[in-house]
Amino acid sequence: MTPDPDIPAFPAHEIEPDEAAGKLELEVVIGRQVREYRTAAGVSIAEMANRVGISKAMLSKIENAQTSCSLTTLGRLATGLGVPVTALFRGVDAEREAVFVPAGQGARIARRGSRVGHLYELLGALRGPHKRMEAVLVTLTEQSEVFPLFQHPGTELLYMLEGEMVYGHGEASYTLRPGDALQLDGEGAHGPQALVELPIRFLSVTAYGDHAPH
């Protein structure tokens with residue numbers, strides 16, 4: 001690709017060492033996002049400056065993190081690039097919580113009906129206000145005469161990995177085999193009704209939205 005003569009080289013000294021650690025300065029992030037969106041659109045720096053209503057020199061300074069943008073200028077840049085203003089800040093808050101659970105090392109949790117042969121393995125959940133989803137690997141290896149019913153806030157997705165079972169939700173029943181998925185409203189009473197083929201393994205993912213359980 002032939003370099004655009006209107007695009008000044010990004011000075012090496014403008015890239016701080018902290019960038020590698022994800023601690024980017026606001027000006028660096030905005031400049032990088034503006035440049036990436038502009039070049040992806042195939043628009044020269046002169047054309048974009050004219051479109052936004054600022055000088056070519058000012059746009060060059062913005063892209064090279066040599067100046068701070070006013071909110072008005074940010075709004076104009078976003079409009080000119082055809083993206084939401086928030087897109088220009090992506091990467092500022094680079095450090096986000098994540099939970100990694102190696103295979104077989106999920107925390108065993110007690111659920112209603114937990115007993116020998118019924119294993120609930122928590123695959124991770126974020127803490128506090130970020131806990132909007134919970135993933136559990138359920139393994140059933142023994143028959144039960146009585147099956148527990150569950151009710152909870154949020155929406156639950158079951159994905160069958162192994163075995164076969166009949167699963168009830170409200171008045172309905174579903175036969176689940178490997179590869180089958182069932183999405184349900186957690187407020188409705190639900191749970192296994194019959195364990196047809198053991199062992200049974202399925203993934204249960206509950207999404208709580210903005211109302212995470214305490």
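All heavy atoms count here, side chains included; hydrogens, waters and symmetry mates do not.
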Measure the spacing between [atom1] of [X] and [atom2] of [Y] and express it to the nearest 0.5 Å.
X	Y	atom1	atom2	answer
Thr86	Leu74	OG1	CG	11.5 Å
Leu195	His118	CG	NE2	6.0 Å
Gln193	Leu149	CD	CG	8.0 Å
Leu176	Ile200	CG	CD1	9.0 Å
Ser70	Ile54	OG	CD1	9.0 Å
Arg32	Tyr37	CZ	OH	13.0 Å

*Should Met160 and Leu182 be marked as a side-chain contact (heavy atoms from CB on, under 4.5 Å) after you check the CA-CA gap, both sets of side-chain angles, and the distance that decides it?*
CA-CA 9 Å; Met160 199 71 172; Leu182 175 64; over 6 Å; no

Do [X] and [Y] have side chains that get closer than 4.5 Å, going by heavy atoms?
X	Y	result
Leu59	Val52	no
Arg35	Ile45	no
Asp180	Phe202	no
Leu198	Gln143	yes

*Does any N or O in the side chain of Gln151 come within less than 3.5 Å of the main-chain N or O of Glu187, such that one atom is a donor and the other an acceptor?*
yes

*Say whether, by atom type as modelled, one donor and one acceptor occur between the side chain of Gln33 and the main chain of Phe89 under 3.5 angstrom.*
no

*Scan residues 153-195 for pairs that pass ring pair (Phe, Tyr, Trp, His ring centres under 6.0 Å), counting only residues two or more places apart or in two chains.*
His152-His190

Minimal non-hydrogen separation, [X] against [Y], with atom names:
X	Y	answer
Leu122	Ala135	CD1-O, 3.6 Å
Pro148	Pro192	O-CD, 4.3 Å
Pro153	Thr206	O-CG2, 3.9 Å
Pro84	Ala78	C-CB, 4.1 Å
Cys69	Ile30	SG-CG2, 4.5 Å
Ala46	Lys56	CB-CD, 4.2 Å

*Does the side chain of Gln183 come under 3.5 Å of the side chain of Thr155 through a donor N or O and an acceptor N or O?*
no

_Donor-acceptor pair between Glu27 and Ser68 side chains, under 3.5 angstrom_ = yes

*When clusters are formed by joining ILVMFWY residues with side-chain heavy atoms under 4.5 Å apart, either directly or through shared neighbours, do Val166 and Leu157 land in the same one?*
no

*Please step through side-chain contact (heavy atoms from CB on, under 4.5 Å) for the pair Val196 and Thr175, ending with a clear verdict.*
CA-CA 9 Å; Val196 180; Thr175 299; 5.6 Å; no

*What residues, two or more places apart in sequence or in another chain, satisfy salt bridge (charged side-chain N to carboxylate O under 4.0 Å, His left out) together with Glu164?*
Arg177

*Take Arg51 and Thr79, measure what side-chain contact (heavy atoms from CB on, under 4.5 Å) needs, and give me the verdict at the end.*
CA-CA 9 Å; Arg51 182 186 298 181; Thr79 300; over 6 Å; no

